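Heads up: the structure comes next, in structure tokens.
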Number of protein chains: 2
Amino acid sequence: MNGILQDLRIVELSAFVAAPLGGMTMSQMGADVIRIDPIGGGIDYARWPVTRAGASLYWAGLNKAKRSLALALDKPEGRDIARAVITAPGAGGGILLTNLPPLRGLDFTTLRASRGDLIMLRLTGNRDGSAAVDYTVNAASGFPLVTGAVGGAPVNHVLPAWDIAAGLYLATGLLAAERHRSRTGQGQEVVAALSDVMLATVGNLGYIGDVQINGTARPAIGNDLYGSFGRDFATADGRRVMIIALTRRQWRAIGDATGLGERLAMIGPMMDVDLDTEAGRYEARDAIGALLARWCANHTLDEVRQAFAGTGVLWGHFQDFLQLVRGDPRCSEANPLFAAVDQPGIGRYLMPGLPLDFSAEPRRPPGPAPLLGEHTDAVLGEVLGLSSAEIGRLHDERIVAGPDGR
Amino acid sequence: MNGILQDLRIVELSAFVAAPLGGMTMSQMGADVIRIDPIGGGIDYARWPVTRAGASLYWAGLNKAKRSLALALDKPEGRDIARAVITAPGAGGGILLTNLPPLRGLDFTTLRASRGDLIMLRLTGNRDGSAAVDYTVNAASGFPLVTGAVGGAPVNHVLPAWDIAAGLYLATGLLAAERHRSRTGQGQEVVAALSDVMLATVGNLGYIGDVQINGTARPAIGNDLYGSFGRDFATADGRRVMIIALTRRQWRAIGDATGLGERLAMIGPMMDVDLDTEAGRYEARDAIGALLARWCANHTLDEVRQAFAGTGVLWGHFQDFLQLVRGDPRCSEANPLFAAVDQPGIGRYLMPGLPLDFSAEPRRPPGPAPLLGEHTDAVLGEVLGLSSAEIGRLHDERIVAGPDGR
């Protein structure tokens, strides 16, 4: 966390990854991000992974450093409160971030009638408004058919990569729209479709041009790098490593570090390619791989690490989540990205902050996620100026709820 | 494209995906993004996919709507020109975005001596400055070991998801730092490590907490959704579809649309789970899948599409890059995201713009990528105020080059 956006107030009506990540990116830069959820929690409130008691580590992870306001969004008075919070005055307020279908009275036109300079960021599934999620967008992207073993069935990515990209596009769009408003006084609606995030990315990486200009498509090549040299290898002790040569320097380093330089050089004339080019190394990748596979099979991971240390070889070893969390020093408090934080309802564990270090704004420890409704009374008092008596009535009538669910 | 950032001037010293995508996100919002490359091109200039003539569709895809300045960065005078362009006066200038190791004289301290309010965004591999790329960071992330078939070798994602996330974090950081500068006059250095982007994401999704609180890690479950119901199925005509039920409504829709509602309901008592919960559907996923697999195997993709149309079933079909580009109407000029653009050196093909629609800033057609050095003379004249004679001398001395490589 830092304080670079501490004058902004952003309201989130959100679920799952994309909009919550966009909002959290703002809260981790100090913005007051108020996530509004229905009393009892939204559709992502119990999303896995969960603790044995059923508390969602996922929800806690994606809502850090936000405030939580729990409202009866199924009742007109609950939605009136949401509208009042979204459109409350203040130069840094009037910003709504959402990836949910608009509730009655919480659409852009209605909200703008309450605050003319409203900024609303809205993520849809498809551009036509039809539903799409990371899993369906990914299926359409072409990537699952070139992932995994050659000739196999489609393989889905496990990282929700389209949602993550969409959330960060929303964060970028939010700051661009707020910049525009601070210069012109003008609000606006910014809309992104998750499927467009996918389509733009496929195009950005050259795969649309490949089909339209070349009439071809990137083949499935397992873990091999496309158009260069890189793949995974098994070590003598049953681990696996990635070894990569994108640049000539990295290529030379592999030969030097393994002692295979002369043998690797024989592959050039043998395959009739220039191994100093990426295309040449790609074409000769199976021959290169044959030599490196034998070398790796004769070395343990520790021996590989020693052989490559300080040589400029670009490589890394595979590890699972347990090995990452328990054994990788980058995933510990030795890394300023992290701090152990007490998460109410869950316990104390390692939480990441924002992966950006601002030299003009010192890093602060990550803030935990709120309990659902933890800030209901504070938000109603501070943002709407409601009295304790009014807030009490709203609780009694079950229009709002606090962290005890009432 | 739109014009929302048209008063910004950003210089890029970059390669591959992350920083180029961050810069392109700015150029697609109208910023003047000047990518500086060595004469002859940087290390990503021939990256695949390429045309038969060797022009990089990848490079073109990630550098759209930028200007290109080609300099002899191996010579002091070339680096002096780079420094002058980066630190040239102007309220919207003085912003550098890089993911390359700093060249002599182009580090933050030296640049800030030329322009006190410089903003420099810098992506490193690891936080300690050691090299890391998407492939090595991904190997360490834990995801390849839970991707693909259960019990198989690690499977790398093909989408460079960590690079994409890093590029969009840089874009967000750039706008946050520029906002700070416009309010305080203060520049700064913003640094991100690619490995921290990965680590933060693993934490954000709950997987660090899962290990530290539960002592467990998400298992490999192939294409099954974790903690809910969703997986892929083969159709009668050899296609594959994803069918997903995140919400109760989506779950009920599957039963209604397939006519399997009563049979699916039998699974609840049979497996002793509540199928109206995500955890219940996850536990019973193999039984649910058995019924749906038989149904899908008896229906062609077209029949599945007809059965699910308008029902609220959340589903999608798998397609490869050829099918996406040639057959999906979302990937065509029917989608305002796209326009057919003449890319110099390559030809005319479908290019995506920014996947964000700003209501206050109309979408403009995507701009093509520059030829290498296409804007050398224009930038030297406009930004540095050099005369034609001075520019001619720089060409003669091979300090700069234009689109003809000279």
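Order of the sequence lines fixes the chain letters, A, B, ..., with proteins taken first and strands second; residue numbering starts at 1 for each chain. All values below come from the heavy atoms of this structure, side chains included, with hydrogens, waters and symmetry mates left out. Being a predicted model, the structure only gives us computed values, none of them experimental.
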Test your reading of the model: is there a side-chain donor-acceptor pair from Asp196(B) to the backbone of Leu356(A), 3.5 Å cut-off? no
At what distance, to the nearest 0.5 angstrom, does NE2 of His180(A) lie from CZ of Phe358(B)? 9.5 Å
For Arg326(B), does the CZ atom sit with more than 12 other heavy atoms under 6.0 Å from it, leaving out its own atoms? yes
Given heavy-atom pairs under 4.5 angstrom as the criterion, report whether the side chain, backbone, both or neither of Ile244(A) touches chain B. side chain
So what's closer than 4.5 Å to chain B heavy atoms on Trp59(A): side chain, backbone, both or neither? neither
Give, as side chain, backbone, both or neither, the part of Thr247(A) having an atom under 4.5 angstrom from any heavy atom of chain B. side chain
What heavy-atom pair brings Asn214(B) and Val50(A) nearest, and what distance separates the two atoms? ND2-O, 2.8 Å
Results of salt bridge (charged side-chain N to carboxylate O under 4.0 Å, His left out) for Glu178(A) - residues two or more places apart only: Arg179(B), Arg183(B)
Any side-chain heavy atom of Arg218(A) within less than 4.5 Å of one from Val158(B)? yes
Tell me, side chain or backbone of Thr201(A) under 4.5 Å from chain B's heavy atoms, or both, or neither? side chain
Heavy-atom distances under 4.5 Å only: say whether Glu278(A) touches chain B with side chain, backbone, both or neither. side chain
For each of Thr277(A), Thr51(A), Leu225(A), tally heavy-atom pairs with chain B at distances under 4.5 Å, and name the one with the top tally. Leu225(A)
List the atom of Pro154(A), the atom of Asn223(B), and the distance in Å for their closest heavy-atom pair. O-ND2, 2.8 Å
Using a 4.5 Å cut-off on heavy atoms from C-beta on, say whether the side chain of Leu159(B) contacts that of Asn138(A). no
Measuring heavy-atom distances to chain B, does Val137(A) have an atom under 4.5 Å in its side chain, in its backbone, in both, or in neither? neither
Ala360(B) to Gln188(A) - nearest heavy-atom pair and separation: N-OE1, 2.8 Å
Indicate whether any N or O donor in one side chain lies under 3.5 Å from an N or O acceptor in the other, for Asp232(A) and Asn156(B). no
Going from CG on Leu145(A) to CD on Gln323(B), what distance comes out if it is rounded to the nearest 0.5 angstrom? 7.5 Å
Heavy-atom contact with chain B under 4.5 Å, split by part of Ala60(A): neither
Main-chain N/O of Gly316(B) paired with Thr136(A) side-chain donor or acceptor, under 3.5 Å: no
Please state whether the side chain, the backbone, both or neither of Leu174(A) comes within less than 4.5 Å of a heavy atom of chain B. neither
Residues Arg127(A), Asp357(B); criterion salt bridge (Lys or Arg N to Asp or Glu O under 4.0 Å); working and verdict: CA-CA 10 Å; Arg127(A) 182 177 274 267; Asp357(B) 284 284; 2.9 Å; yes
Between the side chain of Glu189(A) and the main-chain N/O of Ser359(B), is any donor-acceptor distance below 3.5 Å? no
Per-residue contact mode, Ser141(A) against chain B (heavy atom under 4.5 angstrom): backbone
Minimum heavy-atom separation for Gly209(A) to Tyr349(B), with atom names? CA-CD1, 3.5 Å
Largest heavy-atom contact set with chain B, pairs under 4.5 Å, which of Asp44(A), Leu246(A), Asn335(A): Asn335(A)
Backbone N/O of Leu350(A) and side chain of Gln212(B): donor-acceptor pair under 3.5 Å: yes
Working note: Thr172(B) + Thr172(A), criterion side-chain hydrogen bond (donor to acceptor under 3.5 Å, both in side chains); need CA distance, chi angles, decisive distance, verdict. CA-CA 5 Å; Thr172(B) 306; Thr172(A) 306; 3.2 Å; yes
Non-hydrogen atoms of chain B under 4.5 Å away: do they reach the side chain of Arg240(A), the backbone, both or neither? side chain
Greatest number of heavy atom pairs closer than 4.5 Å to chain B - which of Asp320(A), Asp328(A), Leu322(A): Leu322(A)
Applying a strict 4.5 Å limit to non-hydrogen atoms, the region of Val202(A) in contact with chain B is side chain
Under 4.5 Å heavy-atom distance to chain B, tell me which part of Leu57(A) shows up: side chain, backbone, both or neither. both
Heavy-atom closest pair (Leu168(A) atom, Ala165(B) atom, distance to 0.1 Å) is CD1-O, 3.6 Å
Interface moiety of Ser195(A) toward chain B, non-hydrogen atoms closer than 4.5 Å: side chain
How close do Ile208(B) and Cys331(A) get, counting heavy atoms only, and between which atoms? CD1-SG, 3.8 Å
How about Tyr207(B) and Tyr58(A): are their ring centroids closer than 6.0 Å? no
Side-chain heavy-atom pair Asn204(B), Pro352(A) within 4.5 angstrom cut-off: yes
Could you look at Met242(A) and say if it's the side chain, the backbone, both or neither that has a heavy atom under 4.5 Å from chain B? side chain
Evaluate the side-chain proximity of Val17(B) to Leu205(A): yes if any heavy-atom separation is below 4.5 Å, no if none is. yes
